[in-house]
Amino acid sequence: MMKIPMSSPDLTDADRQAVIDVINTPNLSMGQRILEFEQAFCEQTERKHAIGVNSGTAGLHLCIRAAGIGPGDLVITTPFSFVSSSNVLLFENAVPVFVDIDPRTGNIDPELVTDAAKNIEKYLPRRFDYGPRSAPSTAQRGRLKAILPVDVFGQPADMDPINAVAKEYGLTVIEDSCEALGAKYKGQPAGTLGDYGVFAFYPNKQITTGEGGMVVTDDDEAADFIRSLRNQGRAVGDTWLQHTHLGYNYRLDEMSAAMGLTQMRRLDELLAKREQVAAWYEARLSEIPGVEVPIVEPYTTRMSWFVYVVRFDPKIERDAFAQRLGEMGVPARPYFLPIHLQPYMAERFGWREGDFPVTEDLGRRGLALPFSGVMTEAQVEYVCGAIREVLSAA
Ligand SMILES: Cc1ncc(COP(=O)(O)O)c(C=O)c1O
């Protein structure tokens with residue numbers, strides 16, 4: 001029996017050496033490496049500013065602060081995501097206004113985003129603690145501040161209609177590209193399609209720094225503010241013990257930045273390897289009845305494969321199936337479990353099962369298979385063989 005890892009970082013001696021080089025110096029934080037890593041992002045995304053932080057969540061949180069989103073403010077976003085894209089709103093006592101997703105991609109449905117911007121009162125959660133819930137709809141409209149789309153599984157959200165409605169209503173767009181470094185939407189890099197873009201570098205991501213994240217923006221003032229907040233609220237000119245703003249320690253250390261820099265130099269290679277693994281999967285899985293493979297839309301001019309999530313026919317009992325795969329050395333995970341049904345979210349906002357049917361359907365039928373750029377064709381073959389075997393036994 002093969003034992004297949006769920007994911008693995010793709011590291012070389014150059015990555016390891018880069019970290020060793022840093023630890024042989026006294027500069028383990030706030031040195032040159034972070035500046036070089038940020039510069040690499042400015043080049044990759046053609047944005048004026050890139051600000052390295054110690055997680056994608058930290059990056060998203062700083063964008064929320066920079067956008068001035070506060071208690072009772074409303075942000076249109078998706079319940080089909082990793083939970084931190086919504087958590088960062090709760091950090092500031094803002095309210096996620098969920099709309100359902102496009103069943104093909106799992107990305108936020110742009111028509112629903114447009115409708116929600118026009119008729120926000122129709123989309124509010126059943127309850128929330130802050131701000132006058134029963135205020136007239138014009139007051140609610142004033143509290144709508146932003147749209148936070150997520151580029152799910154490495155495929156950009158359909159951003160043109162989202163940006164159009166954002167422009168019409170003066171809303172900030174924060175693009176959560178934590179899963180989509182290197183992806184392109186109609187030729188434009190993911191993360192550059194809104195006012196702010198955020199990337200993340202956990203070890204299962206396209207590039208890794210262990211833990212880490214990056215914010216990109218063209219807004220000079222916002223970039224200064226984000227740099228300050230990441231560094232305990234010290235503004236330009238502040239000394240170590242002067243803090244102009246309420247800030248955080250969201251800094252990325254030099255070891256991580258050094259690894260990120262060498263990883264970034266290999267970005268095209270890393271993405272090409274992941275694409276090859278996805279192609280091996282697709283060739284085998286698209287022939288198996290009851291299994292749906294991921295759809296890449298024509299507007300995704302470059303897919304940046306993050307995970308490989310298949311969907312099962314509703315008649316197949318997904319969790320029992322995953323359990324059987326696990327017994328054969330093949331780990332697999334439901335991906336995602338809907339955010340609105342996470343206990344603290346449901347309790348706080350009164351969401352219930354049935355509120356976002358497409359999200360819930362994908363939440364029930366989706367399964368992430370083992371995936372990384374270092375997977376071999378033999379490993380993919382083994383996973384697909386196990387899937388065939390379990391399905392035919394069922
Ligand atoms: C869509 C999405 N948003 C945000 C994050 C948060 O990134 P991090 O784990 O680095 O905080 C992730 C990564 O796990 C993610 O997939």
Side-chain angles (χ1 to χ4, degrees), residues 2-45 50-59 82 154 177-183 189-191 198-216 230-231 249-278 280 304-308 329 331 333 368-380 383:
M2 271 193 192
K3 264 191 93 58
I4 313 280
M6 189 69 211
S7 73
S8 315
D10 184 342
L11 297 177
T12 63
D13 286 345
D15 299 310
R16 289 181 267 272
Q17 190 58 48
V19 175
I20 292 169
D21 289 348
V22 170
I23 56 183
N24 283 329
T25 75
N27 302 322
L28 306 188
S29 188
M30 303 176 78
Q32 195 57 35
R33 293 296 187 276
I34 178 76
L35 299 176
E36 291 170 29
F37 187 36
E38 289 172 343
Q39 184 55 36
F41 265 82
C42 288
E43 283 161 22
Q44 205 276 327
T45 60
I51 304 118
V53 287
N54 53 19
S55 73
T57 308
F82 185 69
S177 299
C178 287
E179 302 191 349
L181 174 61
V198 182
F199 302 98
F201 315 128
Y202 186 73
N204 64 347
K205 294 291 198 300
Q206 291 87 341
I207 72 161
T208 187
T209 60
E211 298 286 355
M214 187 72 67
V215 178
V216 294
R230 128 184 112 169
N231 185 23
N249 180 355
Y250 283 170
R251 296 185 300 261
L252 187 70
D253 65 65
E254 287 288 285
M255 290 74 79
S256 302
M259 185 192 283
L261 189 59
T262 50
Q263 288 259 291
M264 264 314 258
R265 292 198 181 114
R266 291 171 59 224
L267 181 62
D268 286 334
E269 178 205 329
L270 293 173
L271 295 185
K273 287 165 83 177
R274 296 173 87 92
E275 187 166 13
Q276 173 65 77
V277 175
W280 286 330
S304 171
W305 291 93
F306 164 52
V307 279
Y308 198 84
R333 289 198 195 132
L369 302 177
F371 188 75
S372 75
V374 296
M375 256 185 113
T376 63
E377 189 167 13
Q379 288 177 315
V380 172
V383 173

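Predicted, not measured: the structure shown is a model, and the values here were computed from it.
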Check: Partners of S304 by side chain to side chain donor-acceptor pair (under 3.5 Å), sequence neighbours excluded?
Finding: Q206
Next item on the list: Check ring pair (Phe, Tyr, Trp, His ring centres under 6.0 Å) between F199 and all other residues, then give those that pass, not counting sequence neighbours.
Entry: F41
Item checked: Partners passing side-chain contact (heavy atoms from CB on, under 4.5 Å) against V19 (at least two apart in sequence or in another chain) -> M255, M259
Item checked: Heavy-atom donor-acceptor pair, T25 side chain to V22 backbone, under 3.5 Å -> yes
Margin query: My understanding is that only residues two or more places apart in sequence, or in another chain, count here; which of them pass side-chain contact (heavy atoms from CB on, under 4.5 Å) with L267?
Written below: Q44, L181, I207, M264, L271
Note to self: Once rounded to the nearest 0.5 Å, what's the spacing between atom OG1 of T262 and atom CZ of F37?
What the structure shows: 9.0 Å
Checklist line | Residues forming a salt bridge (Lys or Arg N to Asp or Glu O under 4.0 Å) with E43, sequence neighbours excluded | finding: none
Next item on the list: Taking all heavy atoms of A50 and all of C42, pick out the closest pair and write down the distance.
Entry: N-SG, 3.6 Å
Checklist line | Separation between OG of S7 and CZ of F306, rounded to the nearest 0.5 Å | finding: 8.0 Å
Item checked: S372: partners by side chain to side chain donor-acceptor pair (under 3.5 Å), with sequence neighbours left out -> none
Check: Looking at residues at least two apart in the chain, or sitting in another chain, which of them share a side chain to side chain donor-acceptor pair (under 3.5 Å) with N231?
Finding: R234, R251
Note to self: Applying side-chain contact (heavy atoms from CB on, under 4.5 Å), can you list everything that pairs with E275, at least two apart in sequence or on another chain?
What the structure shows: W305
Checklist line | Sequence neighbours excluded - salt bridge (charged side-chain N to carboxylate O under 4.0 Å, His left out) pairs with any residue from residues 254-268 | finding: D10-R266, D15-R266, R266-E269, D268-R302
Margin query: Please list all pairs meeting salt bridge (charged side-chain N to carboxylate O under 4.0 Å, His left out) that have one or both residues in residues 27-41, counting only residues at least two apart or in different chains.
Written below: E38-R230
Item checked: Partner residues of T57 under the side chain to side chain donor-acceptor pair (under 3.5 Å) criterion, sequence neighbours left out -> S84
Checklist line | For S177 against G191, the heavy-atom pair lying closest together | finding: OG-N, 3.0 Å
Next item on the list: Could I get the full list of ring pair (Phe, Tyr, Trp, His ring centres under 6.0 Å) partners for Y202, not counting sequence neighbours?
Entry: none
